[in-house]
Amino acid sequence: MKKINSLIIPVAGIGSRLQPLTHITTKELVRLVDKPIFYYLVQEAHLAGLAHIIFIIHKDKTGLKDFIESKEGRVLLQDFPGMKFSFVLTSERWGDGHAIIQAKKFLKNDEVFAVTMGDLISLPGTSILNELKTIYEKHAVPVISVENIPRIDCELYGVISPKKSKGRIHEIASIVEKPKAKDAPSTLAMKGKYILTPDIFPYLDRLMNERTTNEVRLSNALSAYAAEYPLYAYESKGEHYDTGTKYELVKTEAQFVAAHPEYGPSLRKHLKQNKAKK
């Protein structure tokens, strides 16, 4: 089996849900504890043994590329020796499916690759991508990350309809995008991390050619793929942390500070002392 080496990260969005913060900087450079958000994405890839990261960025927002190629960026990324970075500059925002198509030129014809959305990260020291990679290497079937969520939240996510399940692994029959809670086929929500094969590209290309809206969704391509080929969903042991909205970013920072070896104990002590004063 060929080694999985490349990770595609679409970050060409405008970050509207984090405005006005993203008027100042791109969302992947937003600080989370003591490092920018993109650092944790690179760290997760490194823990999974991936050595090539392909960022899709908008041509009008090149801050991430500029930083990674700067002296300061090179110092920060010394934590990941041997990591290679490529950039696709796009002038269009047609959704995550379109972004993945743009990265194809950096992949070999038969290359299996990973994808993560740019606002979903793993707690330092953990790697959901590595969990997915292990599942793929065992079964040789493309696999996506899911979490079991409250039914009321299904309207916020793509939700899988399982064909059959065994433990944490579910074979996907179809994917329903943001269903009403009462209509959701399950409570297993897509959480933005994937191990995919090149076989997904014809489905993405078809959506691009037949599009009637400005958004080409990876979830639609995956649902069409699952109708013809095996596709797995995996309930990861690690938790997905969201940085895509203000509230989720605050929640994530609280969790990351609590887990930080230096700041966590000090913060807990501070909060305990303040509580005792009341």
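The chain is numbered in sequence order, starting from 1. Fair warning: this is a prediction, and the values are worked out from it, not measured in the lab.
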- Task: Sort out for me which residue in T126, L50, L120, L129 forms a side-chain contact (heavy atoms from CB on, under 4.5 Å) with E44.
- Result: L129
- Query: Hey, does F67 have a side-chain heavy atom less than 4.5 Å from the side chain of L76?
  - Reply: yes
- Task: Check the pair D119 / T243 against side-chain hydrogen bond (donor to acceptor under 3.5 Å, both in side chains), numbers first and verdict last.
- Result: CA-CA 5 Å; D119 48 13; T243 62; 5.6 Å; no
- Answer whether the closest heavy-atom distance between the side chains of S165 and E171 falls below 4.5 Å. no
- Note, H46 side chain near M83 side chain (heavy atom, < 4.5 Å): yes
- Hey, mind stepping through S6 and E111 against side-chain hydrogen bond (donor to acceptor under 3.5 Å, both in side chains) and telling me if it holds? CA-CA 8 Å; S6 298; E111 184 174 352; 2.7 Å; yes
- Message: Would you say Y241 ends up clustered with I144 if hydrophobic residues are merged whenever their side chains have heavy atoms under 4.5 Å apart, either directly or through other cluster members?
- Response: no
- Message: For V143 and L231: C-alpha separation, side-chain torsions, deciding distance, then whether side chain to side chain contact (heavy atoms under 4.5 Å, CB included) applies.
- Response: CA-CA 6 Å; V143 57; L231 176 65; over 6 Å; no
- S223 side chain vs I175 backbone, donor-acceptor pair below 3.5 Å: yes
- CA sep, side-chain torsions, deciding dist, call: L29, T26, side chain to side chain contact (heavy atoms under 4.5 Å, CB included): CA-CA 6 Å; L29 288 176; T26 55; 3.6 Å; yes
- Measuring from L188:CG to N148:CG, what's the distance to the nearest 0.5 Å? 5.0 Å
- Note on the structure: Residues I128 and G238: closest non-hydrogen pair is CD1-O, 3.7 Å
- Note on the structure: Of all heavy-atom pairs linking P142 and P230, the shortest is CD-O, 3.9 Å
- Message: Count I, L, V, M, F, W, Y as connected when their side-chain heavy atoms are under 4.5 Å apart, and connections chain through other members. Are M190 and Y157 then in the same cluster?
- Response: no
- When rounded to the nearest 0.5 Å, the distance separating CD1 of I68 from CD1 of I57 is 8.5 Å
- Value for CG (D96) from OG (S219), rounded to nearest 0.5 Å, stands at 6.5 Å
- Look up atom CG in L77 and atom CD in Q43, then write down how far apart they are to the nearest 0.5 Å. 11.5 Å
- Task: Treat each ILVMFWY residue as a node, draw an edge where side-chain heavy atoms are under 4.5 Å apart, and state whether M117 and I9 are in one component.
- Result: no
- Item | Test: K104 cationic atom under 6.0 Å from F201 six-membered ring centre, within 45° of axis | yes
- Which is it for H170 and E235 under the side-chain hydrogen bond (donor to acceptor under 3.5 Å, both in side chains) test, yes or no, and what are the steps along the way? CA-CA 8 Å; H170 311 272; E235 292 182 72; 2.8 Å; yes
- Taking the side chain as C-beta and beyond, is there a heavy-atom pair between L196 and V112 under 4.5 Å? no
- Mutual orientation of the aromatic rings belonging to F87 and F55 [parallel < 30°, tilted 30-60°, perpendicular > 60°]: parallel
- Message: So if I apply the ring pair (Phe, Tyr, Trp, His ring centres under 6.0 Å) rule between F80 and each of F38, F85, Y39, which one comes out positive?
- Response: Y39
- Item | Any side-chain heavy-atom pair of I8 and I56 under 4.5 Å | yes
- Item | Short side-chain to backbone donor-acceptor contact, T252 and D242, under 3.5 Å | yes
- Query: Nearest heavy-atom pair of A103 and I54: which atoms, and what distance?
  - Reply: CB-CG2, 3.8 Å
- Query: Are E253 and R31 ion-paired here, with the side-chain N under 4.0 Å from a carboxylate O?
  - Reply: yes
- Query: Can you name the closest pair of heavy atoms from K246 and P20 and give their distance?
  - Reply: NZ-CD, 4.0 Å
- Task: Could you tell me whether the side chain of Y203 and the main chain of L218 form a donor-acceptor pair under 3.5 Å?
- Result: no
- Note, R93 side chain near E215 side chain (heavy atom, < 4.5 Å): no
- Minimum-distance pair of heavy atoms, taken over all atoms of I4 and A114: CG2-N, 4.3 Å
- Counting only N and O atoms by type, is there a donor-acceptor contact under 3.5 Å from the side chain of T245 to the main-chain atoms of E248? yes
- Query: Taking S186 for the side chain and I160 for the main chain, is one N or O donor matched with an acceptor at less than 3.5 Å?
  - Reply: yes
- Message: I'd like to know whether the aromatic ring centres of Y232 and Y194 sit less than 6.0 Å apart in this structure.
- Response: no
- Message: Would you say CD1 of I152 has more than 12 non-hydrogen atoms from neighbouring residues, nucleotides or ligands within 6.0 angstrom?
- Response: no
- Item | Heavy-atom donor-acceptor pair, H139 side chain to V141 backbone, under 3.5 Å | no
- Task: Could you tell me whether the side chain of R151 and the main chain of T187 form a donor-acceptor pair under 3.5 Å?
- Result: no
- Message: Using 0.5 Å steps for rounding, measure from the CD1 atom of I195 to the OG1 atom of T116.
- Response: 10.0 Å
- Item | Interatomic spacing from CD in E137 to CG in N130 - rounded to 0.5 Å | 8.0 Å
- Query: Counting only N and O atoms by type, is there a donor-acceptor contact under 3.5 Å from the side chain of R211 to the main-chain atoms of V216?
  - Reply: no
- Closest approach of G244 and L18, non-hydrogen atoms and distance? O-CG, 3.8 Å
- Audit row: V159, K178, side chain to side chain contact (heavy atoms under 4.5 Å, CB included) steps and yes/no: CA-CA 7 Å; V159 177; K178 298 181 179 179; over 6 Å; no
- Are H52 and S86 close enough that a side-chain donor and a side-chain acceptor fall under 3.5 Å? yes
- Looking at K191, K193, H240, which hits side chain to side chain donor-acceptor pair (under 3.5 Å) with S145? H240
- Message: Checking Y263 against D34 for the side chain to side chain contact (heavy atoms under 4.5 Å, CB included) test, could you report, in this order, the C-alpha distance in whole Å, the side-chain angles of both residues, the deciding distance, and whether it holds?
- Response: CA-CA 10 Å; Y263 307 134; D34 57 350; 3.9 Å; yes
- Any side-chain heavy atom of T197 sitting closer than 4.5 Å to one from Y225? yes
- Find out whether L204 and I100 are in side-chain contact, i.e. whether some heavy atom of one side chain is under 4.5 Å from a heavy atom of the other. yes
- Transitive ILVMFWY side-chain link M208 to F106, under 4.5 Å: yes
- Between R217 and E177, does at least one N-O distance fall below 4.0 Å, as a salt bridge requires? yes
- When you measure from the side chain of K133 to the backbone N and O of A48, does any donor-acceptor pair fall under 3.5 Å? yes
- Message: Treating D183 as the side-chain partner and P179 as the backbone partner, does any N or O pair qualify as donor plus acceptor under 3.5 Å?
- Response: no
- Item | Transitive ILVMFWY side-chain link V11 to V88, under 4.5 Å | no
- Item | Close aromatic pair by centroid cut-off 6.0 Å: Y40 and F256 | yes
